[in-house]
**Student:** 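Take a look at the following structure, please.
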Amino acid sequence: MDRAAVFDVDGTLVDTNHLHVVTWWEALRQAGHDVPMHAVHRAIGLGSTDLIAHLLGDDRDPAQDDGLSAAHTALYGQYFDRLPALPEAGELLRRLHGDGWTVVLATSASGAELGALRRAIDADDAIAATASADDVEQGKPAPEPVEHALELAGVPASRAVFVGDTVWDMRAGSKAGVHCVGLLCGGIPRADLEEAGAREVYADPADLLARLAGSPLG
């Protein structure tokens, strides 16, 4: 039976989390919101609307949400031509593809942003499908993005592994019933990832690739 390796992208395969922190912080600052960067960092991995709600609360003016999201997109877009892949991210995906895994991306990115991330990874030949923010009604930590990735791969949760770097990833994967693997390269502590559902934790894609034989992807 086929098996699927589902990957988050930001902070898991591409080193973008802190770019998102700075650009969300600046978008919020321009709109008059003083939000500490550490709080922004903990919210990275949520979709735009959920991130704004998480940081500003339900008593905010929701009419500002689209403007905040557009400001973040414009600021972050300045980096599209130089987003850095994390060490051996592309090599990891190609190795898994060669080993018979169906590789699917599950990300809140879409459009030009998703295109820039895929160019950074440079492993399109190994990626079977992508479940983006445009494909689901609810983003992580809801299970929909992971469940949609499994549908695209055509495998049950019992035959899948989900790799991510945030607590939102681990919660989404756990709710979807898949085996969750955490990476530390997004800046979230090991204990937080494990508490959210990570059954193994590795430093980054290179570490996972080096220890692949003893991992759930081995």
Side-chain angles (χ1 to χ4, degrees), residues 8-86 105-121 130-146 148 164-173 175 182-193 195-197:
D8 171 63
V9 180
D10 282 298
T12 299
L13 297 173
V14 188
D15 194 9
T16 52
N17 279 11
H18 290 87
L19 293 176
H20 278 299
V21 171
V22 171
T23 51
W24 271 116
W25 174 83
E26 177 61 17
L28 290 161
R29 188 197 67 81
Q30 290 177 3
H33 301 290
D34 182 16
V35 180
M37 287 196 191
H38 71 83
V40 179
H41 180 219
R42 303 288 294 194
I44 297 302
L46 293 170
S48 295
T49 300
D50 290 335
L51 180 146
I52 294 166
H54 183 78
L55 293 174
L56 300 184
D58 293 333
D59 58 346
R60 74 192 188 285
D61 178 6
Q64 286 193 346
D65 287 5
D66 287 347
L68 285 168
S69 182
H72 163 259
T73 298
L75 291 161
Y76 181 61
Q78 299 175 73
Y79 299 99
F80 279 2
D81 63 348
R82 56 191 187 279
L83 298 180
L86 282 155
L105 306 182
T107 174
S108 58
S110 60
E113 179 182 349
L114 179 55
L117 291 166
R118 290 186 66 142
R119 287 193 297 275
I121 299 167
T130 300
S132 78
D134 295 333
D135 302 320
V136 297
E137 291 186 7
Q138 289 187 297
K140 305 165 192 169
E144 277 189 55
V146 180
H148 183 56
D165 68 294
T166 69
V167 295
W168 318 115
D169 292 325
M170 299 301 101
R171 290 176 185 173
K175 290 174 185 175
L183 299 185
L184 297 173
C185 43
I188 301 302
R190 176 187 296 269
D192 291 5
L193 295 174
E195 183 179 353

**Student:** Output all residues satisfying side-chain contact (heavy atoms from CB on, under 4.5 Å) with Ala196, sequence neighbours left out; order by chain, then residue number.
**Tutor:** Val167, Met170, Arg171

**Student:** Which distance, rounded to the nearest 0.5 Å, do you find between the CG of Asn17 and the CG of Asp15?
**Tutor:** 7.5 Å

**Student:** Once side-chain hydrogen bond (donor to acceptor under 3.5 Å, both in side chains) is applied, do any residues pair with Arg60, and if so which ones, sequence neighbours excluded?
**Tutor:** Asp65

**Student:** Apply side-chain contact (heavy atoms from CB on, under 4.5 Å) to the pair Val9 and Thr16, showing each step before the final yes or no.
**Tutor:** CA-CA 9 Å; Val9 180; Thr16 52; over 6 Å; no

**Student:** Using salt bridge (Lys or Arg N to Asp or Glu O under 4.0 Å) as the criterion, list what pairs up with Arg29, not counting sequence neighbours.
**Tutor:** Glu26

**Student:** For atom CG of Asp58, is the number of surrounding heavy atoms from other residues, nucleotides or ligands below 6.0 Å larger than 12?
**Tutor:** no

**Student:** By the ring pair (Phe, Tyr, Trp, His ring centres under 6.0 Å) test, which pairs, at least two apart or in different chains, include something from residues 50-72?
**Tutor:** His20-His72, Trp24-His72, His54-Trp168, His72-Tyr76

**Student:** Any idea which heavy atoms bring Leu86 and Cys185 closest together, and the distance?
**Tutor:** CD1-SG, 3.7 Å

**Student:** Could you measure the distance from the CD atom of Gln78 to the OG1 atom of Thr73? Nearest 0.5 Å is fine.
**Tutor:** 12.0 Å

**Student:** For a quick test of reading the model, state the closest non-hydrogen atom pair linking Ala172 to Ala142 and the distance between them.
**Tutor:** CB-O, 3.4 Å

**Student:** List in chain and number order the residues that pass salt bridge (Lys or Arg N to Asp or Glu O under 4.0 Å) with Asp165, two or more places apart in sequence or in another chain; answer none if no residue qualifies.
**Tutor:** none

**Student:** Gln30 side chain to Ala27 main-chain N or O, any donor-acceptor pair under 3.5 Å?
**Tutor:** no

**Student:** Of all the heavy-atom pairs spanning Ser69 and Ile52, show the shortest one and how long it is.
**Tutor:** N-CD1, 4.3 Å

**Student:** Is there a donor-acceptor contact under 3.5 Å from the side chain of Lys175 to the main chain of Val146?
**Tutor:** no

**Student:** Would the distance check show the side chain of Thr130 and the main-chain N or O of Ser132 forming a donor-acceptor pair, the cut-off being under 3.5 Å?
**Tutor:** no

**Student:** Just verifying a value: how many Å separate Asp10 CG and Thr107 OG1, rounded to the nearest 0.5 Å?
**Tutor:** 5.5 Å

**Student:** Can you give me every donor-acceptor pair (side chain of residues 34-43, partner residue at least two apart or in another chain, under 3.5 Å) with its distance?
**Tutor:**
from  : atom 1 : to     : atom 2 : distance (Å)
His41 : NE2    : Gly186 : O      : 2.9
Arg42 : NH1    : Asp192 : OD2    : 3.0
Arg42 : NH2    : Asp192 : OD2    : 2.6

**Student:** Which heavy-atom pair separates His148 from Ala131 by the least distance, and what is that distance?
**Tutor:** CD2-CB, 3.5 Å

**Student:** What's the shortest heavy-atom distance between Leu117 and Ala109, and which atoms?
**Tutor:** CD1-CB, 3.6 Å

**Student:** When you measure from the side chain of Gln138 to the backbone of Glu144, do you find a donor-acceptor pair of N or O atoms at a distance under 3.5 Å?
**Tutor:** no

**Student:** Can you confirm whether Ile188 sits close enough to Ile44 that some side-chain heavy atom of one is under 4.5 Å from a side-chain heavy atom of the other?
**Tutor:** no

**Student:** Is there a side-chain contact between Leu13 and Leu105 (heavy atoms, below 4.5 Å)?
**Tutor:** yes

**Student:** At what distance, to the nearest 0.5 angstrom, does CG of Asp134 lie from CG of Leu114?
**Tutor:** 9.0 Å

**Student:** Less than 4.5 Å apart, any side-chain heavy atom of Thr166 and any of Asp8?
**Tutor:** no

**Student:** For Ser108 and Leu46, work out which heavy atoms get closest and say how close.
**Tutor:** OG-O, 4.4 Å

